[in-house]
Amino acid sequence: MQTLTLTRPDDWHIHLRDGDYLPTTVGDVARSFGRAIVMPNLTPPVTTVPQALAYRDEILLNRPTGSDFEPLMTLYLTDQTRLRDIIEAAQSPQVHACKLYPAGATTNSEAGVGSIEGLYPIFEAMAQHQLPLLIHGEVTDAKIDIFDREKIFIDQCLMPIIARFPELKIVFEHITTQEAASFVAAQSANVAATITAHHLLYHRTDMLSGGMKPILFCLPILKRDIHQAALIRSATSGDPSFFLGTDSAPHPRSRKEDACGCAAGCYTAHAAIELYAEAFEQAGKLDYLEGFASHFGADFYGLPRHSDTITLEAVPWVPPIALPFGRDELMPLRGGETIKWRLVRPETGS
């Protein structure tokens with residue numbers, strides 16, 4: 001039987017939600033990941049250190065028995081973010097970054113940033129205090145084609161930020177285009193990017209051919225196959241600028257299958273490392289998965305790599321079509337379909 005042992009990986013971009021959704025989401029991420037950067041786009045958003053710490057406590061209460069999974073907290077930047085919020089965040093050992101959502105770009109981004117240039121004093125403070133900036137990199141002008149919004153964000157917003165604040169550590173989240181991949185590869189070690197499993201495994205034809213498939217609708221949206229190929233090359237290149245970030249984003253089934261506008265997000269936490277293994281194996285680069293999943297993100301954030309390991313085995317399995325999600329249910333990616341790789345659960349050995 002083929003097996004694959006990796007240093008325990010981390011997820012550098014995940015949505016856990018809150019309340020009675022947490023038993024499912026926290027249990028799923030903790031099954032294989034040691035740490036995760038937790039997105040702050042709750043309702044209301046997590047904008048201060050006390051709010052982040054309260055959210056962290058809620059996550060820990062839902063951590064599976066015996067798990068040492070560690071949530072790494074973030075603050076949600078708004079036009080009202082204060083310099084003292086940044087200083088408090090930098091001083092907190094539990095807060096590891098701040099997240100920039102352009103207002104209206106994605107789920108729960110209504111409180112996001114309207115004027116990026118207006119946040120330049122905040123970025124300067126973040127650079128001084130070595131607090132990373134995480135960016136959802138899309139412009140939100142309704143006149144701009146949805147497939148072009150990431151590329152235009154690079155030119156209009158990201159390049160000026162990097163030029164103005166070269167010491168600021170930046171993670172360009174869930175990149176989706178060959179332009180983004182090339183841009184990040186050409187930057188200094190202060191600029192990195194996360195890549196999702198679903199953007200490695202699928203492109204827009206998979207989502208649209210034969211009818212719209214809500215399960216694959218996410219933001220930034222899936223792009224053409226040439227962009228998917230560029231992401232695969234970057235993820236499997238061994239370049240430490242690129243590392244794992246699932247952007248696993250759960251929604252109730254009623255919202256995901258809403259005919260009046262399905263919610264954006266793919267839920268992959270239930271099988272994330274297995275899906276990445278599939279993508280890397282398809283590329284013939286399985287040996288490169290450990291760096292991408294377990295080393296490069298920790299190095300970028302200045303955190304120690306884990307000393308323990310996980311093991312995957314090439315044993316096909318089929319995840320459930322639906323998972324419990326509070327009073328509703330959620331539809332995981334590849335639910336009811338075969339996944340080649342399976343995590344060997346330490347408690348059972350199988």
Checklist entry - Could you go step by step and tell me if Ile221 and Thr176 meet the side-chain contact (heavy atoms from CB on, under 4.5 Å) rule? => result CA-CA 8 Å; Ile221 199 166; Thr176 65; over 6 Å; no
Item to check | Arg253 side-chain N/O to Asp328 backbone N/O, donor-acceptor pair under 3.5 Å | outcome: no
Next on the checklist: Under a 3.5 Å distance rule, please check whether His270 uses its side chain to pair with a backbone N or O of Leu333 as donor and acceptor.
Outcome noted: yes
Checklist entry - Parallel, tilted or perpendicular: which describes the rings of Phe165 and Tyr120, with under 30° parallel and over 60° perpendicular? => result perpendicular
Next on the checklist: Looking at Ile321, I'd like to know if its CD1 atom is crowded, meaning that more than 12 non-hydrogen atoms belonging to other residues, nucleotides or ligands lie closer than 6.0 Å.
Outcome noted: no
Item to check | Main-chain N/O of Arg17 paired to Tyr55 side chain as donor or acceptor, under 3.5 Å | outcome: yes
Checklist entry - With a 6.0 Å cut-off on ring centres, are Phe280 and Tyr288 close enough? => result no
Checklist entry - Where do Lys256 and Phe217 land on the side-chain contact (heavy atoms from CB on, under 4.5 Å) test, with the steps shown first? => result CA-CA 9 Å; Lys256 194 63 181 161; Phe217 177 64; 4.2 Å; yes
Checklist entry - Is the ring centre of His227 less than 6.0 Å from the ring centre of His199? => result no
Item to check | Residue Gln128 excluded, over 12 heavy atoms near CD under 6.0 Å | outcome: yes
Next on the checklist: Test your reading of the model: is there a side-chain donor-acceptor pair from Asp11 to the backbone of Ala36, 3.5 Å cut-off?
Outcome noted: no
Checklist entry - Can Phe300 and Trp12 be said to form a ring-ring contact (aromatic ring centres under 6.0 Å, His included), step by step? => result CA-CA 10 Å; Phe300 182 86; Trp12 299 102; 8.9 Å; no
Checklist entry - Within the distance-only criterion (no hydrogens, no angle test), does the side chain of Thr194 pair as donor or acceptor with the backbone N or O of His174 below 3.5 angstrom? => result yes
Next on the checklist: Quick one, Met39 and Lys99 - any side-chain contact, counting heavy atoms below 4.5 Å?
Outcome noted: yes
Checklist entry - Hey, which of Thr25, Thr24, Asp28 is the one that makes side chain to side chain donor-acceptor pair (under 3.5 Å) with Tyr267? => result Asp28
Next on the checklist: Do Met212 and Met207 make a side-chain contact, defined as non-hydrogen atoms from C-beta onward lying under 4.5 Å apart?
Outcome noted: yes
Checklist entry - Is Arg204 close enough and on-axis enough to Phe147, meaning under 6.0 Å and within 45°, for cation-pi? => result yes
Item to check | Test item: Arg31 and Leu343 side chains (from C-beta on) under 4.5 Å apart, heavy atoms | outcome: yes
Checklist entry - Side chains of Thr47 and Gln51: do they bring a donor and an acceptor to under 3.5 Å? => result yes
Checklist entry - Should the pair Phe325 and Tyr21 be assigned to parallel (<30°), tilted (30 to 60°) or perpendicular (>60°) ring geometry? => result parallel
Checklist entry - So, does Ser92 use its side chain to make a donor-acceptor pair with the main chain of Glu88 at under 3.5 Å? => result no
Item to check | Backbone N/O of Leu200 and side chain of Gln228: donor-acceptor pair under 3.5 Å | outcome: yes
Next on the checklist: For the residue pair Lys223 / Thr177, report whether a side-chain donor-acceptor contact shorter than 3.5 Å exists.
Outcome noted: no
Next on the checklist: So does Ser294 get a backbone contact from the side chain of Arg305, meaning a donor-acceptor N/O pair under 3.5 Å?
Outcome noted: no
Checklist entry - Salt bridge between Arg334 and Glu274, side-chain N to carboxylate O under 4.0 Å? => result no
Next on the checklist: Quick check on the 6.0 Å ring-centre criterion: do Tyr276 and Phe292 meet it?
Outcome noted: yes
Next on the checklist: I'd like to know if the side chain of Gln187 reaches the main chain of Phe183, judged simply by a donor and an acceptor atom lying under 3.5 Å from each other, with no hydrogens or angles considered.
Outcome noted: yes
Checklist entry - So among Ile215, Asp206, Thr268, Leu275, which one has a side chain to side chain contact (heavy atoms under 4.5 Å, CB included) with His198? => result Thr268
Item to check | Flag, side chain of Trp317 to backbone of Lys340, donor-acceptor distance under 3.5 Å | outcome: no
Next on the checklist: I need the single residue from Leu61, Val38, Ile59, Ile14 that forms a side chain to side chain contact (heavy atoms under 4.5 Å, CB included) with Val26. Which is it?
Outcome noted: Ile59
